[in-house]
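What follows is one structure encoded as structure tokens, with my remarks underneath.
All ligand and atom numbering here is 1-based and tracks the order in the structure.
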Amino acid sequence: MTTRASGAADQAVDGGRIDAHLAAFAELSEPGPGCTRLAYSPLERAAHAVFAAHMAALGLRVRTDHAGNTLAELPGAGAGKDRGDGGDGDGGGDSRAIGTGSHLDTVPSGGGFDGIVGVVAAMEVAEVMVRQGVPHRRPWRFVAFAAEEGARFGQACNGSRMAAGLTGAADLAGFTDAGGTTMAAAMAAAGLRPDLVDASRWRPEEWSAFVELHIEQGEVLHSSGVGLGVVDVISGSTRLRVRAEGRATHSGGTPMHLRRDALVTAAECVLLGDRLARDPAHDGVRVTVGRLTVEPGSITTVPGAAEFYVDIRDTDPVRQRAAARALAADFAGAADARGVRLATETIADTAPVVLPDRVSAHARAACADLGLPHRVLPSGASHDAQQIGRIIPTALLFVPSHGGLSHVPEEFTLTPQIVAGTRALLATLRRLDGARV
Ligand code: GLV
Ligand code: MN
Ligand code: MN
């Protein structure tokens with residue numbers, strides 16, 4: 001039995017409410033271009049409070065866990081019961097939850113859609129379910145994950161990793177932001193209990209399925225004119241911190257053959273990364289150096305030190321790790337040739353995840369039920385769904401990113417596209433509510 005026959009609910013998804021939520025979250029930003037609401041900052045916590053207040057006003061039970069994830073639950077008709085008859089024959093009865101959600105933090109000078117769209121869609125789905133009294137069997141859980149962006153601490157998807165048991169309390173002092181604050185300290189300053197995050201691990205046996213809606217952050221949907229994507233595989237990422245130490249000396253007094261210029265070495269490493277990623281032997285890998293600092297940073301001093309971060313992404317874990325190893329070796333060779341000392345450290349490593357077709361099939365069928373064209377595509381970015389997918393059957397839906405832009409102030413998705421994505425999300429969750437996955 002499925003409930004999808006009563007199709008009116010998805011028509012109640014309201015673009016005006018969605019726009020109002022997006023605008024409210026966009027207000028919660030540091031000054032400057034775009035939206036800046038960093039992981040475990042007071043602004044991120046304020047955004048979680050907005051989500052919590054909306055869900056509480058709808059009558060849902062809301063809580064924030066020790067990792068800073070905020071969860072709201074709409075009880076199911078079968079709540080508390082594990083139907084011995086198997087109901088849908090899944091042996092887990094109706095008490096196993098289905099869930100949806102995404103994240104509310106942003107990168108520095110990011111946009112107002114990455115992550116936010118999935119949380120706003122969750123808020124809208126909850127509102128439609130409550131207002132329309134949509135019948136459902138399972139508990140529905142709506143989640144705003146904490147600290148998804150790796151921009152502050154290097155590792156991405158922190159809240160969902162803690163929920164999935166992939167990052168624990170013992171790890172949190174090991175991640176540091178540019179100002180030297182550890183993730184544990186930032187969490188404590190935000191009123192959380194980093195020492196207790198292991199207790200916030202989700203129990204897979206409580207869950208049936210999870211679905212995240214997100215913007216694509218690439219241009220496949222935008223350029224093909226298709227409004228919805230169903231993701232089959234999510235890229236992994238390996239992140240390196242590289243420190244080159246040469247010798248700081250006078251820029252006028254030091255002849256070229258006596259220099260040990262750390263920035264020139266770093267520049268060679270940047271180009272080595274770009275070259276490797278364009279080499280057909282590594283086809284599919286993306287290599288980015290997005291942060292580089294130079295010491296002492298004086299116009300008239302040969303750079304004595306340079307530190308940079310390399311982000312290596314691929315949908316193939318073997319190619320991803322092979323690229324990271326090859327780059328570390330290439331970097332060492334480039335540094336040696338210039339008499340520069342080089343230290344390369346892996347600060348984060350997440351494998352790609354293939355999402356199970358048995359959940360994605362419901363997303364594809366939901367799109368078909370609604371007459372909304374979709375295409376199947378991989379995700380180049382990381383997502384909370386990637387981490388949750390390790391413990392719960394998970395699907396990931398995409399809506400288009402205008403011009404493929406993301407992590408910049410120009411990031412944009414049209415409201416009707418978000419409405420269509422939210423309708424597809426609701427229809428997918430309703431199918432899963434009645435399904436065995
Ligand atoms: C998340 O946006 C990522 O960096 O992949
Ligand atoms: Mn995101
Ligand atoms: Mn992002």
What residue and heavy atom of the protein are closest to atom 4 (O) of ligand 1, and at what distance? R313 NH2, 2.8 Å

Starting from atom 2 (O) of ligand 1, find the nearest protein heavy-atom neighbour and note its residue, name and distance. H407 NE2, 3.0 Å

Of all N, O or S atoms in H103, identify the one at the shortest distance from the Mn ion (ligand 2). NE2

Closest approach to the Mn ion (ligand 2) by D114, given as the N, O or S atom name: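 Closest to the Mn ion (ligand 2) among those atoms: OD1.
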
Interfacing atoms of ligand 1 (cut-off 4.0 Å, heavy-atom, [X]):
X    : result
D114 : 2 (O)
A381 : 5 (O)
S382 : 1 (C), 3 (C), 5 (O)
E149 : 1 (C), 2 (O)

Decide yes or no on side chain to side chain contact (heavy atoms under 4.5 Å, CB included) for T422 and L213, but give the supporting numbers first. CA-CA 8 Å; T422 307; L213 177 72; 4.2 Å; yes

Within 2.8 Å of the Mn ion (ligand 2), is there any N, O or S atom belonging to H214?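 Yes.
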
Would you call [X]-[Y] a salt bridge at under 4.0 Å N-O?
X    : Y    : answer
R364 : D232 : no
D311 : R239 : yes
R319 : D314 : yes

Report the part of V107 (side chain from C-beta onward, or backbone N, CA, C, O) that has a heavy atom under 4.0 Å from ligand 1; answer both or neither where that applies. neither

Indicate yes or no: at least one non-hydrogen side-chain atom of H66 is less than 4.5 angstrom from one of D195. no

Heavy-atom side-chain contact between L425 and T100 under 4.5 Å: yes

To check your reading of the site, what angle at the Mn ion (ligand 3) do OE2 of E149 and NE2 of H407 form, to 10°?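 With the Mn ion (ligand 3) as the vertex, OE2 (E149) and NE2 (H407) sit 110° apart.
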
Can you label the angle between the F153 ring and the Y40 ring as parallel, tilted or perpendicular, going by 30° and 60°?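 Ring orientation of F153 relative to Y40: tilted.
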
Under 30°, 30 to 60°, or over 60°: which ring-plane class applies to F210 and W202, parallel, tilted or perpendicular?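 Because their plane-to-plane angle lies in the 30° to 60° range, the rings of F210 and W202 count as tilted.
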
